[in-house]
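Have a look at the structure below, then the notes.
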Amino acid sequence: MNVLVFAESDEGKIRKASLEAVAYGKAIGNVTAIALGNVDKAELENLGKYGAQKVLHAKDDRLSHGVIQAYTSVLAKAMDDEKADVLVLANSSLGTPVAARVAAKAGASLATNVADLPNTSGGFTVKKSIYTGKAFAQVELKNAKKVIAIRKNAAEAKEVGGMATVTDYPVTLSDADFATKITSTEKATGDILLPEANIVVSGGRGMKGPEHWGALEALAKTLGAATGCSKPVSDMGWRPHHEHVGQTGVKVSPQLYIAIGISGAIQHLAGVNSSKCIVVVNKDPEAPFFKAADYGIVGDAFDVLPKLNEAIKAAK
Amino acid sequence: MKILVCITHVPDTTSKINFLDNNTKFDANGVQFIIGPYDDYALARAIELKESTGSTVTVLNVGTAETEPTLRKALAIGADDAIRVNAEPADSFFVASQIAEQAKAGGYELILMGRESIDYNSGVVHGIVGEMLGIPSVSPVMKLDIEGTKVKMAREIEGGKEYVEANLPLVAGCQEPIAEWKIPNMRGIMSAKTKPLKVVEPKAVDSGVKVQKFELPPPKGAVKMISADNVGELVTLLKNEAKVL
Ligand SMILES: Cc1cc2nc3c(=O)[nH]c(=O)nc-3n(C[C@H](O)[C@H](O)[C@H](O)COP(=O)(O)OP(=O)(O)OC[C@H]3O[C@@H](n4cnc5c(N)ncnc54)[C@H](O)[C@@H]3O)c2cc1C
Ligand SMILES: Nc1ncnc2c1ncn2[C@@H]1O[C@H](COP(=O)(O)O)[C@@H](O)[C@H]1O
């Protein structure tokens with residue numbers, strides 16, 4: 001099977017999620033990866049290590065911002081040129097909307113939020129997360145062409161080969177492709193992105209106020225973790241909106257999720273239930289979050305946070 | 001301006017999810033249905049725009065007769081009329097085809113949806129509709145203002161947001177904090193009973209996907225409690241037992 005993988009980039013660097021997409025593609029066929037806009041050459045070559053046989057680079061400067069329609073045109077054309085049966089992308093704020101439009105344009109079967117490698121014994125079936133992580137659906141993709149957006153951990157990014165050769169992929173784009181204009185971007189730089197983080201330290205209303213986040217951030221720093229929060233915390237403006245985890249926020253699937261002063265409402269759990277391991281710190285032994293946890297500490301956040309930080313530093 | 005808001009009829013966020021018939025059918029027993037939370041944000045913003053720009057708001061659902069109370073609720077919140085495309089919402093492509101058809105027929109300029117449904121969580125219907133109609137689709141949108149024919153939006157991206165502009169017509173997938181959820185008042189509830197709700201038959205669409213089976217995640221093991229005076233033990237367990245450090 002020919003697989004095209006969209007290698008999403010951010011400020012010249014390939015997203016970690018896209019390495020998993022390459023690994024996913026490698027597990028089902030021959031992979032051509034494609035990157036758009038300004039991306040470091042070494043980053044592109046490096047995709048070979050994760051299983052890309054060939055890397056295409058559509059260099060056009062206008063593609064340095066993720067414009068949904070322009071990206072759609074390029075990926076749909078590349079699917080044709082490469083005779084790709086499958087396009088694999090990482091679920092993201094860019095990958096998911098682009099997947100939708102490419103599938104519509106190419107007449108492909110579409111599945112997003114895919115959690116596992118496909119079953120190809122008799123047909124092509126993928127496992128998709130539904131009901132906000134409360135269930136899965138086995139979905140058969142019937143059309144000859146398929147578009148799959150994978151969520152974190154659907155495949156393991158591991159090194160399997162050497163550097164790939166990078167070929168320029170010239171594109172012709174129309175004004176219609178840029179009907180949407182990105183006028184500016186506001187972004188936290190240098191932070192570990194919440195959806196991609198291996199460890200997340202998250203705080204709830206039990207943290208009492210934004211002025212107390214220092215202790216939580218210190219723990220996150222020691223662990224190399226991203227910080228998250230519950231919905232009321234971002235609603236009250238204690239933390240930025242993009243840190244809000246749950247049903248109506250970011251869905252995370254880290255190795256380790258540490259929840260400090262979060263009660264564990266079902267809507268919060270919906271965003272964290274695909275974490276590998278959950279640690280809950282709450283002063284109320286009856287907090288519902290303990291039922292969803294692997295390890296729990298009944299205690300005061302302001303007492304436990306610094307102690308935990310020290311214990312982890314000591315164990316390093 | 002004519003605004004179309006597409007709403008889903010989905011299990012309340014606190015619902016326990018179960019399946020019937022050898023895991024092939026959703027068990028609606030005892031489940032309360034609501035307007036999708038993201039769709040509710042889209043609707044709330046549409047009502048604000050209706051008031052500030054003198055627009056009309058139509059709500060649309062692709063669904064069977066059970067979804068009508070959900071459409072009535074949207075009318076009670078302030079939509080002017082409703083359309084129900086009478087069909088099981090088989091898959092994203094099918095639903096998007098019905099929405100595109102209605103959007104064309106009704107000449108809607110602004111089509112607002114939720115960033116994703118909370119049953120299928122696909123986050124794709126807005127993009128498919130945009131592609132079918134050949135117009136921009138922007139999602140997830142956390143702020144949306146109209147200036148003449150220009151739509152100014154903030155779109156959430158990983159770790160921040162980007163500001164985006166496009167002209168009408170346009171499709172947007174909405175999320176907080178685009179507007180505050182609105183609760184219907186008594187007058188709204190009374191007037192909703194007599195507002196028009198049109199039922200139309202679907203157009204035929206070939207479906208490219210088929211759900212074979214549903215599955216529930218494996219049950220979680222029991223929690224291990226650790227004393228707050230012994231956090232060192234937690235670190236040891238995370239390292240040696242859970243192997244996540
Ligand atoms: C449609 C809908 C969607 C929603 N979506 C989301 C979502 O996406 N994400 C989300 O998070 N919520 C969501 N919610 C809200 C959710 O229902 C809860 O209200 C929310 O998660 C509670 O946040 P919290 O745990 O921070 O606060 P609380 O419920 O107030 O819990 C605070 C916790 O902190 C503990 N505590 C207090 N002081 C201390 C201390 N000193 N040390 C340690 N522990 C302490 C308390 O025992 C308590 O358990 C949604 C709700 C609805 C209706
Ligand atoms: N059956 C439906 N009827 C009307 N609108 C829908 C339907 N399904 C999805 N939508 C709209 O499309 C958005 C995205 O849905 P999805 O792609 O399923 O995550 C939802 O938030 C709704 O606004």
Side-chain angles (χ1 to χ4, degrees), chain A residues 68-69 92-93 96-97 99-101 104-105 109-113 125 129-132 134-143 179-188 191 193 195 241-242 247-248 255-256 266-267 276-277 290 292-299 303-304 307-308 311-312 315, chain B residues 11 13-14 17 37-38 92-93 96 118-124 127-128 130-132 136-140 142 155-167 175-177 208-217 220-221 223-226 228 231-232 234-235 237-239 242 244-245:
Chain A
I68 293 167
Q69 277 167 283
S92 70
S93 67
T96 311
R101 291 194 77 125
K105 199 172 186 128
S109 292
L110 169 67
T112 57
N113 257 314
T125 307
S129 164
I130 57 171
Y131 292 105
T132 325
K134 291 181 199 168
F136 295 98
Q138 293 285 356
V139 184
E140 186 186 350
L141 305 183
K142 296 192 294 186
N143 293 357
T180 319
K181 292 198 173 46
I182 298 170
T183 51
S184 64
T185 308
E186 266 172 31
K187 223 159 73 175
D191 289 359
L193 292 179
H241 185 264
H242 63 257
Q247 174 113 39
T248 48
Q255 294 286 307
L256 174 60
I266 193 154
Q267 297 95 348
K276 185 170 174 223
C277 175
F290 285 121
D294 298 283
Y295 302 103
I297 293 181
V298 176
D303 169 44
V304 176
K307 281 203 256 178
L308 189 54
I312 288 165
Chain B
T13 52
T14 60
I17 303 298
Y38 294 109
S92 314
F93 192 75
I118 65 160
D119 48 4
Y120 276 84
N121 305 104
S122 298
V124 298
I128 302 173
E131 190 63 33
M132 284 174 166
S137 58
V138 183
S139 178
M142 47 201 306
R155 189 174 90 88
E156 186 160 81
I157 55 174
E158 286 73 15
K161 54 187 152 185
E162 63 188 19
Y163 293 91
V164 178
E165 284 180 18
N167 284 321
Q175 70 167 41
E176 63 184 1
V209 301
K210 186 171 186 298
V211 174
Q212 303 283 15
K213 223 179 174 55
F214 297 108
E215 274 173 39
L216 292 173
K220 191 99 195 165
V223 57
K224 240 184 217 172
M225 297 307 288
I226 295 135
V231 292
L234 173 65
V235 177
L237 288 168
L238 290 176
K239 260 191 139 153
V244 291
L245 281 187

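So that the names make sense, note that chain A is the first sequence line, chain B the second, and so on, each numbered from 1.
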Side-chain (A/Thr112) to main-chain (B/Ser122) donor-acceptor, under 3.5 angstrom | yes
Among A/Ala292, A/Ala315, A/Pro195, A/Ser184, residue most engaged with chain B (heavy-atom pairs, under 4.5 Å) = A/Ser184
Side-chain contact test, heavy atoms from C-beta onward, threshold under 4.5 Å: evaluate it for A/Lys142 versus B/Val209 and give yes or no.
-> no
So which part of B/Tyr120 gets closer than 4.5 Å to some heavy atom of chain A, the side chain, the backbone, both or neither?
-> both
With a 3.5 Å cut-off and no angle check, do the side chains of B/Glu158 and A/Ser93 form a donor-acceptor pair?
-> yes
Flag, side chain of A/Asp294 to backbone of B/Lys224, donor-acceptor distance under 3.5 Å | no
Can B/Thr13 and A/Gln267 be counted as having a side-chain donor-acceptor contact under 3.5 angstrom?
-> yes
With a 4.5 angstrom heavy-atom cut-off, which part of B/Pro217 approaches chain A: side chain, backbone, both or neither?
-> both
How far apart are the C-alpha atoms of A/Leu110 and B/Phe93, what are their side-chain angles, what is the distance that settles it, and do they pass the side-chain contact (heavy atoms from CB on, under 4.5 Å) test?
-> CA-CA 8 Å; A/Leu110 169 67; B/Phe93 192 75; over 6 Å; no
Turns out that what part of A/Ile312 lies under 4.5 Å from chain B's heavy atoms comes down to both
Option in A/Asn113, A/Leu256, A/Thr132 with maximal non-hydrogen atom pairs under 4.5 Å from chain B = A/Thr132
Residue pair A/Thr185, B/Tyr163: steps toward the side-chain contact (heavy atoms from CB on, under 4.5 Å) verdict | CA-CA 6 Å; A/Thr185 308; B/Tyr163 293 91; over 6 Å; no
How far does CD1 of B/Ile128 sit from CZ of A/Arg101, to the nearest 0.5 angstrom?
-> 10.5 Å
Let me know if B/Gln175 has heavy atoms under 4.5 Å from chain A in its side chain, its backbone, both or neither.
-> side chain
Side chain from CB out, backbone as N, CA, C, O: work out which of these in A/Asn143 comes under 4.5 Å of a heavy atom of chain B, or both, or neither.
-> both
Test B/Phe214 against A/Ile130 for side-chain contact (heavy atoms from CB on, under 4.5 Å), laying out the working first.
-> CA-CA 9 Å; B/Phe214 297 108; A/Ile130 57 171; 3.6 Å; yes
Taking NZ, NE, NH1 and NH2 as the nitrogens, is one of them in A/Lys105 or B/Glu131 under 4.0 Å from a carboxylate oxygen of the other?
-> yes
Part of B/Ser92 within contact of chain A (heavy atom distance under 4.5 Å) = neither
Find the distance between CD (B/Glu165) and OG1 (A/Thr183) and round it off to the nearest 0.5 Å.
-> 5.0 Å
So which of A/Val304, A/Ile68, A/Thr125 has the biggest tally of heavy-atom pairs under 4.5 Å with chain B?
-> A/Ile68
Structural part of A/Ile297 lying under 4.5 Å from a heavy atom of chain B | both
Under 4.5 Å from any heavy atom of chain A - which part of B/Lys220 = side chain
By a 4.5 Å heavy-atom criterion (distance strictly below it), what part of B/Ile226 contacts chain A: side chain, backbone, both, or neither?
-> both
What residue, out of A/Ser129, A/Ser109, A/Gly299, has the most heavy-atom pairs lying under 4.5 Å from chain B?
-> A/Ser109
Residue among A/Leu193, A/Thr248, A/Asp303, A/Leu308 with most heavy-atom pairs under 4.5 Å to chain B = A/Thr248
Relative to chain A, which of B/Asn167, B/Leu245, B/Leu234 shows the most heavy atom pairs under 4.5 Å?
-> B/Leu234
NZ/B/Lys210: more than 12 non-hydrogen atoms of other groups inside 6.0 Å | no
Against chain B, label A/Ala99 side chain, backbone, both or neither, depending on which of its atoms sit under 4.5 Å from a heavy atom there.
-> neither
B/Pro136 versus A/Gln69: any side-chain heavy-atom pair under 4.5 Å?
-> yes
Sub-3.5 Å donor-acceptor pair from the side chain of A/Lys307 to the main-chain atoms of B/Ala228, do we have one?
-> yes
Closest heavy-atom pair, A/Thr96 versus B/Gly123, reported as atoms and distance to 0.1 Å, is CG2-O, 3.6 Å
Steps toward side-chain contact (heavy atoms from CB on, under 4.5 Å) verdict (B/Met225, A/Tyr295) = CA-CA 6 Å; B/Met225 297 307 288; A/Tyr295 302 103; over 6 Å; no
Using non-hydrogen atoms and a 4.5 Å limit, figure out which bit of B/Val211 sits close to chain A: side chain, backbone, both or neither.
-> both
Check whether any side-chain N or O of A/Thr180 sits under 3.5 Å from a backbone N or O of B/Ala166 as a donor-acceptor pair, and report yes or no.
-> no
Is B/Asp119 reaching over with its side chain to a backbone N or O of A/Tyr131, donor-acceptor style, under 3.5 angstrom?
-> no
For residues B/Glu156 and A/His242, is any side-chain donor paired with an opposing acceptor at under 3.5 Å?
-> no
Chain B heavy atoms under 4.5 Å from A/Glu186: which part of the residue, side chain, backbone, both or neither?
-> both
Between B/Val223 and A/Ala293, the two heavy atoms sitting closest are CB-O, 3.4 Å
Interface check, chain B: of A/Ala111, A/Ser92, A/Pro97, most non-hydrogen pairs under 4.5 Å belong to A/Ser92
